[in-house]
Amino acid sequence: MLRALTVVLSAGAACVSGYPGMDKLLSEIQSRQSTGDSTELIGDLLDLSDSQLTPVGSAVKQIITGGASGQSSDTYLSVPPLGTPACAADTCCIWQYVSNDMASHFRGSAGRCNDLARQAVRLGFHDAAGWSKAAGPHGGGGADGSIVLAAAEMQRPANRGLETIVAQMQTWYGTYHGYGVSMADLIQMGAITATVVCPLGPRVRFFAGRNDSAVAAPDGLLPSPSESADVLISRFHNMTIEPNGLTALVGAHTTSQQQFVDPSRAGDPQDSTPGVWDVLFYKQILGTAPPRVFKFQSDINLSKDSRCASEFQAFAASGGQAPWNVVSVTLKTMLLSMSSSVLVVVATNM
Ligand code: HEM
Ligand SMILES: *[C@@H]1O[C@H](CO)[C@@H](O)[C@H](O)[C@H]1NC(C)=O
Ligand SMILES: *[C@@H]1O[C@H](CO)[C@@H](O)[C@H](O)[C@H]1NC(C)=O
Ligand SMILES: *[C@@H]1O[C@H](CO)[C@@H](O)[C@H](O)[C@H]1NC(C)=O
């Protein structure tokens, strides 16, 4: 059975206060995103009619197509004790324990998100993005846990730097698998929890039910920082993510600290505040940044490409944080469901 769950963490629960012009900026960004940008359905959401969808399937469909929010401020009160029949009977219960455990590993002493959190966000992307429309509408691979479960994936250079979070995921799997938790879901819960632990990070709705696979995802699908905007846009298009959506997602580099692009500058961040989920990344890619900020050529080139430039500027503008959170959350929900199996399960098991 599947249940929708909201990550329950105080870090992300703070409301974003309004300011003049926010509604206008938000509606401009949303209209750009909704005019065909990144609203394409995948998996069995393509094949099934609305009446065949479970409530979770329908929620995912609405989030992808822009009809519902991917954020939530719900809190989960009176969580039953771990290991009790009451906990086992409530799909969300175990995830509250998982999320609390993860959050304690992702928060640094200054209250910002730490290296493990950065890796967790990237791991969620790299598991999900081993997926391509070129393999058919169901894509193959996707958010299926294979980045941890199939040893071959972590041998690939594109996944260098994820070793610590992979080892931690194996530990968490050992602790929680007995409660019915899949590796695929753990990885995506890790990405969502890490995001909200970063101050200003959105609180993303979580959907459980992904099946695991120990078959390595097709190789060669992950983006590289030396690729042109054309190639990157084509890659994300093949994951049903269009230029505005790519621009929103790549803002995850707000928390990044590169190791291998230039090893002589290992640890240098991609904006000056890698512990905070802010829009400074967009501002600094477009403008000037302190010398320690290491800009990826891919981020620079995307920001200048005519298909991404206006969205880059909108997120960088004063007031860009709230619209960025809204849009990136919607996309993240899509990305995290990017696996035919989760959608089949979503549609049929509840
Ligand atoms: C144009 C597409 C993208 C390219 C070319 C790209 C490339 C990279 C590279 C080269 C690194 C540094 C790896 C290292 O040397 O340690 C990195 C880090 C990171 N990327 Fe991306 N990325 C892309 C999109 C994304 C997306 C869509 C997400 C998440 C939704 C993401 C999340 C991250 C995170 C969180 C880190 C930091 C990891 C850490 O500091 O440990 N990236 N990315
Ligand atoms: C990135 O942009 C620069 C400047 O426009 C250009 O010289 C370079 O070839 C681009 N890189 C790629 C990989 O397209
Ligand atoms: C996207 O998929 C098409 C096939 O549908 C393929 O020709 C193209 O090379 C893919 N793009 C990238 C960057 O791999
Ligand atoms: C997921 O796994 C369950 C249990 O093994 C299986 O019954 C179900 O068919 C699987 N779903 C998909 C879409 O593979």
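Residue numbers run from 1 in the order of the sequence given. Just follow the structure's listing: the first ligand is 1, and inside any ligand the first atom is 1.
At a threshold of 4.5 Å between non-hydrogen side-chain atoms, the residues T330 and S38 do not count as touching. Within the 4.5 Å cutoff, the side chain of I64 has no heavy atoms near those of the T240 side chain. When side chains are defined from C-beta on, R292 does not count as touching S272, because their heavy atoms never get closer than 4.5 Å. Looking only at side-chain heavy atoms (C-beta outward), V250 and F236 stay at 4.5 Å or farther from each other. Within the 4.5 Å cutoff, the side chain of W277 has heavy atoms near those of the V121 side chain.
Those atoms of ligand 1 that come under 4.0 Å of a heavy atom in F260, given as number and element, are 14 (C), 15 (O), 16 (O). Atoms of ligand 3 lying under 4.0 Å from any heavy atom of N238, numbered from 1 in the order shown and given with element: 1 (C), 2 (O), 3 (C), 8 (C), 10 (C), 11 (N), 12 (C). Contact atoms of ligand 1 toward F236: 2 (C) (distance under 4.0 Å to a heavy atom of the residue). Per-residue contacts place R235 under 4.0 angstrom from the following atoms of ligand 3 (heavy atoms of the residue considered): 13 (C). For ligand 1 and S224, the ligand atoms under 4.0 Å from any heavy atom of the residue are 5 (C). The ligand atoms of ligand 1 that sit less than 4.0 angstrom from a heavy atom of V121 are 35 (C). Close approach of ligand 1 to V261 (heavy-atom distance below 4.0 Å) involves ligand atoms 10 (C), 15 (O). Numbered from 1 in the order shown, with element, the atoms of ligand 1 that lie under 4.0 Å from a heavy atom of Q119 read 41 (O). For ligand 3 and S234, the ligand atoms under 4.0 Å from any heavy atom of the residue are 1 (C), 10 (C), 11 (N), 12 (C), 13 (C).
Distance alone, capped at 3.5 Å, places no donor-acceptor pair between the E40 side chain and the I241 backbone. Under the 3.5 Å distance criterion, the side-chain polar atoms of T255 are left unmatched by any main-chain donor or acceptor of G275. A distance-only check finds no donor-acceptor pair linking the side chain of Y173 to the backbone of L186 [under 3.5 Å]. In this structure, N325 contributes its side chain and L200 its backbone to a donor-acceptor pair below 3.5 Å.
Each protein N, O or S atom less than 2.8 Å from atom 21 (Fe) of ligand 1 was counted, giving 1.
Neither the backbone nor the side chain of A129 has any atom closer than 4.0 Å to an atom of ligand 1 (non-hydrogen atoms only).
Side-chain contact check for W95 and Y76: no donor-acceptor pair (N or O, by modelled atom type) lies under 3.5 Å. Between the side chains of Q52 and S49, at least one donor-acceptor pair of N or O atoms lies under 3.5 Å. For Q119 and D115, the side-chain atoms include no donor-acceptor pair closer than 3.5 Å.
Closest heavy-atom approach to atom 14 (C) of ligand 1 within the set R118, E227, Q259: this belongs to Q259. Selection from Q257, R160, Q297, R265 by nearest heavy atom to atom 40 (O) of ligand 1 gives Q257.
In this structure H237 satisfies the side-chain contact (heavy atoms from CB on, under 4.5 Å) test together with K133, E242, sequence neighbours excluded.
Evaluation of the salt bridge (charged side-chain N to carboxylate O under 4.0 Å, His left out) test over residues 220-238, restricted to residues two or more places apart or in two chains, returns E227-R235, D230-R307.
Checking only distances, D299 never comes within under 3.5 Å of ligand 1, N or O to N or O.
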Tabulated below should be the N or O atoms of ligand 2 paired with protein N or O atoms at under 3.5 Å; can you produce that?
unit_1, atom_1, unit_2, atom_2, d
ligand 2, 2 (O), N301, OD1, 2.9
ligand 2, 2 (O), N301, ND2, 2.6
ligand 2, 11 (N), N301, ND2, 2.7

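Salt bridge K61/D50: present, at least one basic N to carboxylate O contact under 4.0 Å.
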* Criterion side chain to side chain contact (heavy atoms under 4.5 Å, CB included) on M183 and M169, from CA distance to verdict -> CA-CA 8 Å; M183 183 65 86; M169 284 292 165; 4.1 Å; yes
